[in-house]
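The structure appears right after this line, and notes come after that.
Note that the numbering runs from 1 along the sequence shown for the chain. Just follow the structure's listing: the first ligand is 1, and inside any ligand the first atom is 1.
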Amino acid sequence: MEKETPMQSPELAYTPQVAAATAKLYDRVAHVIPQVEWPVHAPYVLAINELKRQRNAVILAHNYMTPEIFHCVADFVGDSLQLAREAAKTDAKVIVQAGVHFMAETSKILSPDKTVLIPDMKAGCSLAASITGADVRLLKQKYPGLPIVTYVNTSAEVKAESDVCCTSSNARAVVEDIAREWGTDTVIMIPDEYLAQNIARQTRIRIITWKGHCEVHERFSAADIRAYREGNPGVVVLAHPECPPEVIAEADFAGSTAAMIGYVGDKRPKKVVMVTECSMSDNVAADYPDVEFVRPCNLCPHMKRITLPKILQSLETMSAEVTVDPFIAARARAAVERMLAVGQAQPKRAAA
Ligand code: 13P
Ligand code: SF4
């Protein structure tokens, strides 16, 4: 068998050639990345964009990635649902998941023949860590005959024990759809307690939940929202439904990360605050320089593990590869595909 020549790390200096080759990409982020910082990013951006073509790889980037990833190397950007849809249909041989581990697992579940890479295996999630497959089996014993609706922010093992998955953008539709199919007025929705409570306020279906929380969104309070309004008269408040219900009650709009972006694009508020992870405002501000963003936010330490140098290393070494036991994957796939059959959000093509 022919031996593959190992890929060499390209020279990562900011030369005039690198500056010229990345100038158009810099224009896209100039509003949010100071010029003095670009020489740090540009050589990585160029090297990643060259190498991903050689590898026949796509980079699927969540809306919480930093702007140099989101705007300059991603092939597709979106919320959890949009990225899952793209993972299911991409023709690329390799998927690099610029996001957290449960997202990479979801991609592998939907595309078992593709190589799925995550630039940092430690990029976890407090919601995914809050529940195990054994916990779900116990819940099923406690509440026999009720369908289990599982947020995608969970391990493959937990998805495998579930009847259907959901994301923040389709949770209500999924809950109502499965309740209709099972002929029940009660469903179990795990593991995000606040998402479940927020959905319960929009539907007649009774929801039994779990005590998992997103460590980013649980830190926002109703008092925070009132303070943003006091300090910024007329500000429009957009909040993610992983926030506690009292925060959602104070917001003008609640929705998934993609829904929040859609709100800014459609309504063009003069001044907005996005009650969510910090990179969201940067990424949206780059596209809408006419909108003023008030920027109190919380960082997700897991999402922030993904950086340009780690993406490049991942493509160079073709690691770390995400695998899912085929037996677990087959059961988890049924739950994810059941969800994909419910909503119709389309992925957005990024420009890199
Ligand atoms: P969405 O992008 O699906 O709204 O999810 C937010 C999130 O916290 C993902 O980790
Ligand atoms: Fe998990 Fe929250 Fe981070 Fe999303 S933002 S990955 S839900 S901890």
Quick one: do E277 and K304 satisfy side chain to side chain contact (heavy atoms under 4.5 Å, CB included)? Show the steps, please. CA-CA 10 Å; E277 211 274 342; K304 297 292 93 107; 3.0 Å; yes
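- Other residues, nucleotides and ligands place no more than 12 heavy atoms under 6.0 Å from the CD atom of Q313.
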Please test E242 against Y151 for side chain to side chain donor-acceptor pair (under 3.5 Å), starting from the C-alpha separation and ending with a verdict. CA-CA 11 Å; E242 289 170 8; Y151 197 28; 2.5 Å; yes
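- Protein N/O/S atoms found under 2.8 Å from atom 3 (Fe) of ligand 2: C300 SG.
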Under the criterion side chain to side chain donor-acceptor pair (under 3.5 Å), I'd like the reasoning laid out for Y44 against T307: C-alpha separation, chi angles, the key distance, then a yes or no. CA-CA 10 Å; Y44 285 99; T307 61; over 6 Å; no
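- Annotation: K93, atom NZ; neighbour count of heavy atoms from other residues, nucleotides and ligands within 6.0 Å does not exceed 12.
- With hydrogens and angles ignored, the 3.5 Å screen pairs no side-chain donor or acceptor of D177 with any backbone N or O of A173.
- Protein residues lining ligand 1, listed by chain and number: H62, Y64, D79, S80, F102, M103, N153, S168, H240, E242, S256, T257, M303 [non-hydrogen atoms, distance under 4.0 Å].
- Close approach to E242 involves these atoms of ligand 2, each under 4.0 Å from a residue heavy atom: 2 (Fe), 7 (S).
- The SG atoms of C125 and C214 do not lie less than 2.5 Å from each other.
- In this structure, D91 places its CG atom where only 12 or fewer heavy-atom neighbours from other residues, nucleotides or ligands lie under 6.0 Å away.
- Using a distance-only test at 3.5 Å, with no hydrogens or angles considered, a donor-acceptor pair links the side chain of N49 to the main chain of C72.
- The single protein non-hydrogen atom nearest to atom 7 (S) of ligand 2 is N153 ND2, 3.2 Å, given as residue, atom name and distance.
- Nearest heavy atom pair, residue D79 against residue T257, reads CB-OG1, 3.1 Å.
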